[in-house]
Amino acid sequence: MLHEHADDISRRAGCRIELATVAVRDLDRPRDVPIPRDRFVDDPFAAVCDPSVDVVVEVMGGIEPARSLVLEALSSGKPVVTANKELLASHGEALMDAAANGRAALLFEAAVGGGIPLIRPLREHLAGDRIARFMGIVNGTTNFILTRMTEQGISRDQALAEAQSMGYAEADPTADVEGFDAAAKAAILASIAFDVPVLASDVYRQGISTVSADDIASARRLGYVVKLLAIAESLGDSISVRVHPAMIPHDHPLASVRESYNAVFIEGERVGPLMLYGQGAGGDPTATSVVGDVIDLARSRAGRGPEPGAPTTRTRAGTGAPRIRPIDDLASQYYLLLDAADRPGVLAAVATVFAAHEVSIKSVWQEGRGEEAQIVLITHQALERDLAACARDLAALDTVRSVRSVIRVVAAEP
Ligand SMILES: NC(=O)c1ccc[n+]([C@@H]2O[C@H](COP(=O)([O-])OP(=O)(O)OC[C@H]3O[C@@H](n4cnc5c(N)ncnc54)[C@H](OP(=O)(O)O)[C@@H]3O)[C@@H](O)[C@H]2O)c1
């Protein structure tokens, strides 16, 4: 992009942007890019410390040596552009501190949502508003799998195999399927949206490995679509940040986000609902975000714009920063799928357990007969801890063989 769009970029940036050095692991690997071979080096520290380098772009991934390299650059006053969600979600506060102390910008538009502008809209455009909630589909692999399960009725394993054959899923899909990738992105977005440091380890996380074809079929019958959502919500004196599968109404804008596409649906107090949608990964979309950040820095250096990316989380850190409310204290509606015997009195026994935990049932269906019967329930809003106790007691009933699924149902309003 820097080569092919060079004239447009220099006009917009107010200066030419030159790729000074590219640090790689393997100097001998053939590379299909118009960059002279003598610009490639295999010592990233030398590249970062080179006094002729004005901006460091970190797209190597992983924690080390990326963390040390970014800290080195920031502490010597060099701005950094990074796409590294893992690093930001585990060491974000230390990096923000280094950026503030070194008076150097740290930009990371590419770290969440690949080519979708998310960080800058939250940090700049929406800076005057208060965010009530955001809900995002921020992992393309799991969205692809859930889309295939929904539209073709295939199993999760079949859909995963298809995702792997199409290059959407890694050979080891754990980071995607178990929600680690989405949790890192949720942490980064929540820290920007709510001005509070959030680490990936603060995020409640549940992946899609418990979502079955039966759940998807039930969701469809009930007018819902199952998505893996990254949700963060303002709760007054606290916030919630979580990643889990959720049923959303089929007419919600997020329900139409298919295949490997990503989207984040933001609800602001003044702006109302808005959704940012696009390709959340891939070389070209992600490069667009990286190059956009570099241009922002160049513009500022050329005197054409303000210093970008002032760290915002520091403003609320310490006293007054909202705490993160544990999942047990959150309320939601729930879908439950029970394997139960079709005998007189089963529904009464199930209803008694719900009543004992003050979880109110919104609707209930029974399917199948005899020992193969399934009971599907949707609850009204209930506290997570009450629902968990309820599910434990249901599983202990003689007439309930298993509580096969519990999936949260997202309400249209926060
Ligand atoms: N790919 C995406 O769609 C996407 C989207 C958003 C964010 N990201 C983030 O972008 C980062 C990179 O991902 P990627 O998919 O582009 O990875 P990748 O294809 O493996 O590229 C990593 C690059 O960094 C170089 N590198 C790695 N470790 C190095 C070291 N110790 N010293 C010198 N060079 C080193 C590699 O050199 P060699 O070429 O010699 O191996 C390679 O060129 C990750 O943080 C990822 O989370 C990626």
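Atoms within each ligand, like the ligands themselves, are counted from 1 in listed order. For the numbers below, each heavy atom of this structure counts, side chains included, while hydrogens, waters and symmetry mates do not.
For Ala111, the heavy-atom gap to ligand 1 stays at 4.0 angstrom or more. Heavy-atom separations between Arg31 and ligand 1 include at least one value shorter than 4.0 Å.
Taking atom 4 (C) of ligand 1 as the reference point, the nearest protein heavy-atom neighbour is Thr286 OG1, 3.9 Å. Here the heavy atom of the protein found nearest to atom 10 (O) of ligand 1 is Ala83 CB, 3.6 Å. The protein non-hydrogen atom at the shortest distance from atom 47 (O) of ligand 1 is Lys85 NZ, 3.2 Å. For atom 45 (O) of ligand 1, the nearest protein heavy atom (residue, atom name, distance) is Gly61 CA, 3.2 Å. Atom 30 (C) of ligand 1 has as its closest protein heavy atom Met60 CE, 3.4 Å. Ranking the protein heavy atoms by distance from atom 21 (O) of ligand 1 puts Val59 O, 4.1 Å first. Of the protein's heavy atoms, Gly282 N, 2.7 Å lies nearest to atom 3 (O) of ligand 1. The closest protein non-hydrogen atom to atom 37 (O) of ligand 1 is Arg25 N, 3.2 Å.
Under the 4.0 Å criterion applied to side-chain N and carboxylate O atoms, Glu109 and Arg123 are not assigned as salt-bridge partners. Ionic pairing of Glu72 and Lys78 is not present here: no N-O contact between side-chain nitrogen and carboxylate oxygen is shorter than 4.0 angstrom. A salt bridge links Asp339 and Arg404; the closest N-O separation between the charged side-chain nitrogens and carboxylate oxygens is under 4.0 Å. Salt-bridge annotation for Asp296 and Arg12: absent, with no side-chain N of the basic residue lying under 4.0 Å from a carboxylate O of the acidic one.
Tyr277 has its ring centre less than 6.0 Å from the ring centre of Tyr261.
Here CG of Leu377 is found 9.0 Å from CG of Leu337. Values are rounded to the nearest 0.5 Å.
For atom 40 (O) of ligand 1, the nearest protein heavy atom lies under 4.0 Å away.
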